[in-house]
Amino acid sequence: MKVRDFIFFGCLFTVPSFVYGACSVANLTRCLDSVCAINVGANPAARCQYCGSASAGEPSKSTTMKSISAGTSAKYTISDKELKKAPSDPGERYVWGTKLCLQKVSGCTPDDVSDNYDSLIEQSCKAAGISAEFEKLAEKANEQKTSSSCSSEISACVINAKRCTANYRKCESDSEFDKYFSECSVASVGCDEYLKDIRAQLISSRDTSIANADKLLQTIIASYKSAREQKLATAQSSCKNNKAKLDCVQRVCQTNMRNKCEVGFEYESTLAEQLCKFYDTACERLK
């Protein structure tokens, strides 16, 4: 782990070492240890936990705010009172401690801290198992996957709603498909040897999906055409022998006329025929 080289810029004001004389690395280390190496004898990971990485875990709750530099002049150490103001975040604590120690130990610069103390933090992080964890993650990223796992992973990525979609609506052209397939291939580490076959499988699925979508559309169009033709045939049939109009007159007589258009009430029949006259026009147009 490399501790941040850039964190000092903008937050520290330092003077070149030649103004003060040579930096005492021993005193600088004592000062930084009073911030970052509390009880390091009992806890080898202390420097990493206090001033390195949050991944190293938190220092033991039983750890007291006591510097390992017991007996050393307070001139070069941070007091317990000052430590109560130290940030809990390792990176922020590192910056905070560096700023105070550069004030206490004359002649030193941020480069002196980076050149001499970063390696101690790195050793501490190795003791905390951080390096081992990174190695495991790297091994996992590079391990060879199976053809099946790669196919599932890349397929799920390609048909995501933000890419091709499940019905490949956004990937009908090869250029669009290749763009998304390339993105998903890069994201799927360890699948290089299977990419050619996976692409061929997905292309086949895309073509089938698009073809089926076209067939479904044609089926829908055909069903509407059939329904329309059936209605026309039924309407034309009802117009033969004036059947539709006669049925209309009979229905109006039975439903709307008081005397049901019976003999003697011919005016009701005449009125019903006038109400159903629109069938004459409709049937004429259907011929």
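For this chain, numbers begin at 1 and follow the sequence in order. This is a predicted model, so every value here is computed, not measured.
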Please check if I210 and I203 belong to a single hydrophobic cluster, counting links between Ile, Leu, Val, Met, Phe, Trp and Tyr side chain heavy atoms closer than 4.5 Å. no

How long is the gap from CG on L271 to CG on N256, to the nearest 0.5 Å? 9.0 Å

Please report the interatomic distance SG(C171) to CD(E176), rounded to the nearest 0.5 Å. 6.5 Å

Evaluate S148 against S151 for side chain to side chain donor-acceptor pair (under 3.5 Å), listing each step before the verdict. CA-CA 5 Å; S148 178; S151 179; over 6 Å; no

Would you mind listing every salt bridge (charged side-chain N to carboxylate O under 4.0 Å, His left out) that reaches into residues 253-274, with sequence neighbours excluded? none

Listed by chain and number, what are the salt bridge (Lys or Arg N to Asp or Glu O under 4.0 Å) partners of E284, not counting sequence neighbours? K287

Only counting residues at least two apart or in another chain, list the ones meeting salt bridge (Lys or Arg N to Asp or Glu O under 4.0 Å) with E92. none

Pair D33-R47, side chain to side chain contact (heavy atoms under 4.5 Å, CB included): steps then yes or no: CA-CA 8 Å; D33 272 351; R47 290 189 181 97; 2.9 Å; yes

Distance in Å, N116 CG paired with L32 CG, rounded so as to fall on 0.5 Å steps: 9.5 Å

Using side-chain heavy atoms (C-beta onward) and a distance below 4.5 Å, is N242 in contact with D280? yes

Within the 4.5 Å heavy-atom criterion, are P90 and Y50 side-chain neighbours or not? no

Are V25 and V105 co-members of a hydrophobic cluster defined by side-chain heavy atoms under 4.5 Å apart? no

Would you say the side chain of L28 lies within less than 4.5 Å of the side chain of C23, judging by non-hydrogen atoms? yes

Could you walk me through whether S269 and V249 pass the side chain to side chain contact (heavy atoms under 4.5 Å, CB included) test, one step at a time? CA-CA 7 Å; S269 297; V249 171; 5.6 Å; no

Give, for atom CG of L83 and atom CG of L100, the distance between the pair rounded to the nearest 0.5 Å. 9.0 Å

Judged by modelled atom types alone, do S149 and T146 share a side-chain donor-acceptor pair under 3.5 Å? yes

Between Y94 and D118, does any side-chain donor sit less than 3.5 Å from a side-chain acceptor? yes

Taking the side chain as every heavy atom from C-beta outward, state whether T29 and L120 have any atom pair closer than 4.5 Å. yes

Which residue pairs pass the disulfide bond (SG atoms under 2.5 Å apart) test when at least one of the two sits in residues 195-245, sequence neighbours left out? C239-C283

Do the charged groups of D247 and K243 touch, with an N to O distance under 4.0 Å? yes

Measure the shortest side-chain to side-chain distance between I198 and C150 over non-hydrogen atoms and say whether it is less than 4.5 angstrom. yes

On a heavy-atom basis, the closest approach of S124 and A46 is OG-N, 3.7 Å

Qualifying ring pair (Phe, Tyr, Trp, His ring centres under 6.0 Å) pairs with a residue from residues 254-287, counting only residues at least two apart or across chains: none

Minimum heavy-atom distance between A272 and C253, given as atom pair plus value: CB-SG, 3.9 Å

Let me confirm one number: the SG-CD distance from C261 to Q250, rounded to the nearest 0.5 Å. 9.5 Å

Taking only residues two or more places apart in sequence or in another chain, which ones pass side chain to side chain contact (heavy atoms under 4.5 Å, CB included) with T270? none

Can a donor-acceptor pair be found, under 3.5 Å and without considering hydrogens, that links the side chain of S238 to the backbone of A235? yes

Would R163 and E183 count as a salt bridge (Lys or Arg N to Asp or Glu O under 4.0 Å) if you check the C-alpha gap in whole Å, the side-chain angles of each, and the deciding distance to 0.1 Å? CA-CA 10 Å; R163 296 183 179 88; E183 290 178 7; 3.5 Å; yes

Side-chain heavy atoms under 4.5 angstrom apart, residues restricted to Ile, Leu, Val, Met, Phe, Trp, Tyr: same cluster for Y194 and Y180? no

Stepwise side chain to side chain donor-acceptor pair (under 3.5 Å) check, D111 with T109: CA-CA 5 Å; D111 285 339; T109 68; 4.7 Å; no

Before giving the answer on side chain to side chain contact (heavy atoms under 4.5 Å, CB included), spell out for D112 and Y117 the whole-Å C-alpha distance, their side-chain angles and the decisive distance to 0.1 Å. CA-CA 8 Å; D112 292 314; Y117 202 76; over 6 Å; no

d(I159 CD1, S209 OG) to nearest 0.5 Å is 9.5 Å

Side-chain donor or acceptor of N43 paired with backbone N/O of N39 under 3.5 Å: no

Hydrophobic cluster identity match, F181 and Y168, side-chain contacts under 4.5 Å: yes

Could you tell me if the side chain of E153 sits less than 4.5 Å from the side chain of C184, heavy atoms only? no

C31/C101 sulfur atoms closer than 2.5 Å: yes

What verdict does the side chain to side chain donor-acceptor pair (under 3.5 Å) test give for S204 and Q201, after you've listed the backbone C-alpha separation in whole Å, the side-chain angles of each residue and the deciding distance to 0.1 Å? CA-CA 5 Å; S204 177; Q201 292 168 5; over 6 Å; no

Sub-4.5 Å side-chain heavy-atom contact between E82 and V35: no

Are any of the side-chain heavy atoms of S147 and D197 separated by less than 4.5 Å? no

I need the minimum non-hydrogen distance between C51 and I121, along with the two atoms involved. O-CD1, 3.8 Å

Closer than 4.0 angstrom, basic N to acidic O: yes or no for D174 and R206? yes

Using atom types as modelled and distance alone, determine if a side-chain donor or acceptor of S34 lies under 3.5 Å from a backbone N or O of T77. no

Side-chain donor/acceptor of S237 to backbone N/O of A233, under 3.5 Å: no

Taking the side chain from S188 and the backbone from C191, do they hold a donor-acceptor pair closer than 3.5 Å? no

